[in-house]
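What you see below is based on every heavy atom in this structure, not just the backbone, and it leaves out hydrogens, waters and symmetry mates. Within every chain, numbering begins at 1; the chains are lettered A, B, ... in the order of the sequence lines, protein sequences first and strands thereafter.
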Amino acid sequence: MSDVAIDLIIIGAGPAGMSAALEARAHGLSVAVLDEQASPGGQIYRQVLQADARSRAVLGADYSAGAKLAADFSQCGARYLPNAAIWQVTPQREVHYLVEGRARILQGRHLLIATGAFERPMPMPGWALPGVMTAGAGQILLKSAAMVPAGPVVLAGCGPLLYLLAVQYLRAGVAVEALVDTSQGRDLLKAWRTIPGAMRGWRDLLKGAGLLVELKRAGIRHFRGAGNLRIEGNDRANALSFVSGGQHHRVSAELILLHQGVVPHTQISRSLRLEHDWSESQLCWVPRRNGVGETSAAGIYIAGDGGAIGGAQVAQLEGRLVAATIAGQRNRTRLIQKALGRARAARPLIDALYRPPAQSCVPADDVMVCRCEEVSAGDIRRYVDLGCLGPNQTKAFGRCGMGPCQGRQCGLSVTQIIAAHRHVPPAEVGYYRIRPPLKPITLAQLAGESHSLEELS
Amino acid sequence: MSADSLFRSLAAAQQNVSIEFEGQPLSVPDKVSLAAALLASGLRHTRESAISGRPAAPYCMMGVCFECLVQVDGQANVQSCLVPVRAGMRVRRQCGAAALVPVGEVSDE
Ligand SMILES: Cc1cc2nc3c(=O)[nH]c(=O)nc-3n(C[C@H](O)[C@@H](O)[C@H](O)COP(=O)(O)OP(=O)(O)OC[C@H]3O[C@@H](n4cnc5c(N)ncnc54)[C@H](O)[C@@H]3O)c2cc1C
Ligand code: FES
């Protein structure tokens, strides 16, 4: 099989995946890159090659800077397979995917998982109502469809992405009704200024007027240290109520965007049964990796936010490091590792600054946690009282995590709720066992599966 | 974009395509994901849950939450935030059970 295998298969065409492809091609390796999006860029640079002048002005210089990376990637000679839904990856580095309804298989000598991050769940009363979305979803609609809120919108939670979106909306002429900030009243701007160059990506946006200053000047209502968040409405959202400064508030809006940071997307690494550790500083699971990004399975690497949250610059360096390592370029790897050390320096500060409050990770009994099977935090606590020790057992008790999202949306909350209720560390509670198919696939598609090398060569 | 929509377009000129939603013709923006197109046309919910029948709508727009599942041309379990909209698509709300395990073709003929 190895004579028809690709040197390096990369899953994910974000900063990490694109950079790995560029580095690998520079050393003459054959590369295939699969991504479920329609064009390269990942989350930060989503659809950067299609963005017009207006979009670029709204999204900012940081975003536009990704155009060069995406253009270089498109030219580098890697096979790029967009709109690819990956439904199975094997320890033998076989990648099974669907493109336009047809099932295909690729075989790699090495595999890089560069699937990035997704937003940490933020369960609260009413969060499943239509009209409630994530801030990331709001930004995706802006980047990929030039869509902005038509009426009053409330942004709630914490983390740089929330403030960035508020500023981007401002530049687009959108009236943000309120920014409901759950971070605990720290002087964010001051803290940002102490961060060394490593986080330039975010920091550039804060230079000049500064994100928060820009928001303040625009007169956006900014509630700090908010707690007890609750979305009101019957079959759609109509308001967010919360407590801030010792007072109860209620802000009317039919569109409410939630965010409390991002966490590694570990669905593929979990399905491969790779080792994962609980990160107490980032409050999430991180796949175990050695100094060059190789996982507990030989030949399978992870780079970027899918390994641990580090931001776009770290993602690019990690991608390059994996490719240089595979290509056996010792001098290159040493150089990249040095740069990585510098780029990662500010991370502990950022993690501390934007640590989500416990209350919004471990919600009250009446809050729905598993949206697919509609299991509440109280249900999960009851399972624990009946002897349930970890997420996998909640499946037997109440189908928690067995819906179509396979625990992507609830998994982290379930781990944290069980750990808190049992008074043990999350590492002892564990996570769901993830099994393929990772994406919906029909029997007919499965029956027609074929190797895609003939088409690629 | 529809007056009911929670969103409006920044684009100066918007190209539309025509699809079918719940058996009715619907004009939606072109060159966006199906979920974005449905949101733009003012649809507030695109699914009814299997458990309580609660109305649900796209939540993450990036393939994580599976709240955006719809039926497209008779096939269930399509993540509308990940498929580009296409003229002539026949789309229905997904009501009731959804499963990731091979489900076979769901026919609405
Ligand atoms: C919604 C969102 C918006 C963000 N916006 C910003 C921003 O504006 N500015 C900023 O500095 N940071 C932003 N971030 C943080 C982000 O994580 C960046 O730091 C950066 O994009 C990380 O790069 P990456 O290459 O590791 O992953 P990503 O850029 O996330 O790229 C991962 C790629 O993998 C693909 N993928 C994931 N899973 C699969 C799968 N199973 N099959 C196929 N393809 C898959 C995705 O489509 C994506 O293109 C955002 C994060 C999120 C979740
Ligand atoms: S909106 Fe979350 S998966 Fe499509």
Side-chain angles (χ1 to χ4, degrees), chain A residues 36-38 43 46 50 52 54-55 58 83 85 87 101 118-119 127-134 136-142 144-151 153 172-174 235-236 254-255 265 267 371-374 403-406 408-409 436-446, chain B residues 1-12 14 29 31-33 35-37 39-40 42-47 49-52 54-69 73 75-79 81-85 94 97-106:
Chain A
E36 62 192 1
Q37 287 190 43
Q43 296 308 341
R46 182 179 283 265
Q50 292 84 4
D52 60 14
R54 170 97 199 257
S55 291
V58 165
N83 296 315
W87 67 270
F118 62 74
E119 292 169 278
W127 73 307
L129 287 170
V132 183
M133 301 177 83
T134 67
Q139 205 205 34
I140 288 168
L141 285 166
L142 180 57
S144 65
M147 280 162 66
V148 293
V153 56
V174 171
D235 50 13
R236 56 172 73 168
E254 288 191 36
L255 182 62
H265 196 331
Q267 209 70 5
R371 298 165 61 122
C372 297
E373 297 293 328
E374 302 185 12
C405 96
Q406 291 186 309
R408 288 170 175 88
Q409 191 64 63
L438 303 172
K439 290 281 172 174
I441 178 168
T442 65
L443 289 171
Q445 289 166 339
L446 203 53
Chain B
M1 254 173 228
S2 151
D4 289 335
S5 179
L6 292 171
F7 295 91
R8 65 182 167 86
S9 175
L10 284 180
Q14 180 79 65
K31 306 224 166 15
V32 300
S33 69
L39 287 170
L43 287 162
R44 293 293 180 92
H45 83 279
T46 51
R47 176 176 92 87
S49 84
I51 312 294
S52 66
R54 73 177 168 91
Y59 176 70
C60 72
M61 294 301 290
M62 57 174 284
V64 173
C65 71
F66 287 69
E67 289 281 21
C68 65
L69 293 182
D73 296 331
Q75 184 173 319
N77 293 320
V78 175
Q79 284 182 284
C81 69
L82 294 181
V83 300
V85 70
Q94 181 145 323
L100 270 195
V101 286
V103 288
E105 305 288 332
V106 177

Which distance, rounded to the nearest 0.5 Å, do you find between the CG of B:Leu10 and the CG of A:Leu141?
11.0 Å
Could you tell me which non-hydrogen atom of B:Leu82 sits nearest to which non-hydrogen atom of A:Asn83, and how far apart they are?
O-OD1, 4.5 Å
Quick one: list whatever passes side chain to side chain contact (heavy atoms under 4.5 Å, CB included) with A:Leu255, sequence neighbours left out.
A:Met133, A:Pro149, A:Val153, A:Leu257, B:Leu6, B:Phe7
Set of residues satisfying salt bridge (charged side-chain N to carboxylate O under 4.0 Å, His left out) with respect to B:Arg54, sequence neighbours excluded
A:Glu374, B:Glu67
Closest approach of B:Val64 to A:Cys405 (non-hydrogen atoms, all atoms of both residues)
O-CB, 3.5 Å
Min side-chain heavy-atom separation A:Pro440-B:Phe66 under 4.5 Å:
yes
Side chains of A:Thr442 and B:Asn77: does their closest heavy-atom pair fall under 4.5 Å?
no
Among A:His265, A:Arg371, A:Gln409, residue most engaged with chain B (heavy-atom pairs, under 4.5 Å):
A:Arg371
Any side-chain heavy atom of A:Val174 sitting closer than 4.5 Å to one from B:Arg8?
yes
Would you say the side chain of A:Pro130 lies within less than 4.5 Å of the side chain of B:Pro55, judging by non-hydrogen atoms?
yes
List the atom of B:Cys60, the atom of A:Ile140, and the distance in Å for their closest heavy-atom pair.
O-CD1, 3.8 Å
To the nearest 0.5 angstrom, please state how far the CD atom of A:Gln445 sits from the CD atom of B:Gln75.
5.0 Å
Out of A:Ala128, A:Ala38, A:Gly136, which one racks up the most heavy-atom pairs below 4.5 Å with chain B?
A:Ala128
With no hydrogens and no angle check, do the side chains of A:Gln50 and B:Lys31 hold a donor and an acceptor under 3.5 Å apart?
no
Does some side-chain heavy atom of B:Leu69 sit less than 4.5 Å from a side-chain heavy atom of A:Pro404?
yes
Portion of A:Trp127 that has a non-hydrogen atom of chain B nearer than 4.5 angstrom
both
Pick one: which of A:Glu36, A:Gln37, A:Gln139, A:Arg46 meets side chain to side chain contact (heavy atoms under 4.5 Å, CB included) with B:Met62?
A:Arg46
Would you indicate whether the side-chain heavy atoms of A:Arg236 and B:His45 approach each other to under 4.5 Å?
no
Which answer fits A:Leu129, side chain, backbone, both or neither, if we ask what part of it has an atom under 4.5 Å from a heavy atom of chain B?
neither
